[in-house]
Amino acid sequence: MKGFAVLSALAILASSASARTVFSELVVNGVDLGHGVAIRVPSSNVPVTDITSNDLICNTGFIQPVSTDVAQVPAGAQVTAQFHRTSAGYLGPDPSDPLDPTNKGPVLAYLARVPDATQSDVTGLSWFKIWQDGLDPNTHQWGSDHLFNNKGNATFTIPSCLQAGQYLLRVEDISLLNANSYPGAQFFMSCAQIEVTGGGQAQPAGTPFPGAYRSTDPGIVTNIFLDSTYTPPGPAVFQC
Ligand SMILES: *[C@@H]1O[C@H](CO)[C@@H](O)[C@H](O)[C@H]1NC(C)=O
């Protein structure tokens with residue numbers, strides 16, 4: 001029986017190593033903007049695994065042409081980032097959509113102020129975290145479990161005190177299934193192009209990507225089968 005259990009665990013690991021997810025659609029205060037609108041959607045659902053790569057910022061290999069739309073987002077708005085298994089979005093019932101449910105890990109959202117949300121250069125920006133969903137120690141549900149149960153919807157609020165202007169919104173799912181050592185964690189992210197309207201005066205301090213994550217972070221190197229508590233990587237969540 002023990003041997004069988006080990007084999008089953010290996011089979012699960014092998015079958016889920018290919019599980020993928022892509023953030024490709026934005027919903028603002030209940031209004032769905034449509035697939036790929038105001039988002040740089042990577043054409044491949046292959047994860048980024050090198051946390052020193054510029055691909056960690058907003059991903060790479062975008063579906064062309066990249067959207068030139070900038071989503072109007074009132075400060076304090078409720079925003080939903082929709083993830084699906086492939087860059088094509090929702091394709092019908094699929095047990096691995098929006099992701100393989102064995103791919104446990106956190107879901108996180110960041111913003112960076114930019115002169116022009118459609119600019120192609122995303123290096124040298126300063127990112128602050130506005131939301132994260134790690135591991136609930138009571139239910140033992142991960143952010144990825146909530147994402148799966150919510151059919152790919154990750155919902156959070158844009159800080160109401162934020163200064164108006166153009167921003168990139170980086171929403172990320174991290175699979176920790178193979179994160180026992182580095183590299184191992186798999187990073188799935190896209191950036192949406194938004195213009196925050198209204199708001200206040202807050203200009204939160206940020207951290208760079210790459211740089212916000214380190215190969216020694218307990219949020220990057222961990223064992224999901226042993227974790228009872230978990231702290232997502234990156235800075236603390238900004239609060240107004
Ligand atoms: C996901 O978001 C869309 C758009 O707002 C909504 O129509 C749908 O009901 C949501 N699904 C779940 C399971 O929350």
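Counting starts at 1 for both ligands and their atoms, following the listed order. Quick caveat, the model's predicted, so the values are computed rather than measured.
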Protein heavy atoms: any of them under 4.0 Å from atom 9 (O) of ligand 1?
no
Taking the inter-plane angle between the rings of Y110 and F209 on a 0 to 90° scale, is it parallel (under 30°), tilted (30 to 60°) or perpendicular (over 60°)?
perpendicular
Check this for me - ligand 1, N149, N or O atoms closer than 3.5 angstrom, yes or no?
no
Value for SG (C191) from CG (L169), rounded to nearest 0.5 Å, stands at 7.5 Å
Any side-chain donor near an acceptor of the partner, Q186 and R20, under 3.5 Å
no
Under 4.0 angstrom from ligand 1, any heavy atom of T80?
no
Are T80 and T155 linked by a side-chain donor-acceptor pair shorter than 3.5 Å?
yes
Give me the nearest non-hydrogen protein atom to atom 5 (O) of ligand 1 as residue plus atom name, then the distance to 0.1 Å.
V27 CG1, 3.5 Å
Are a donor atom and an acceptor atom from the side chains of D227 and T222 found within less than 3.5 Å of each other?
yes
Of the backbone atoms (N, CA, C, O) and the side-chain heavy atoms from C-beta on, which set of N153 has a member under 4.0 Å from an atom of ligand 1: side chain, backbone, both, or neither?
side chain
Suppose we measure from atom 13 (C) of ligand 1 to each protein heavy atom; which comes out shortest, and what is that distance?
N150 O, 3.4 Å
Near Q82, which atoms of ligand 1 are under 4.0 Å from a heavy atom of that residue?
1 (C), 2 (O), 3 (C), 4 (C)
Verify the distance criterion only: is there a donor paired with an acceptor across the side chains of N29 and Q78 at less than 3.5 Å?
no
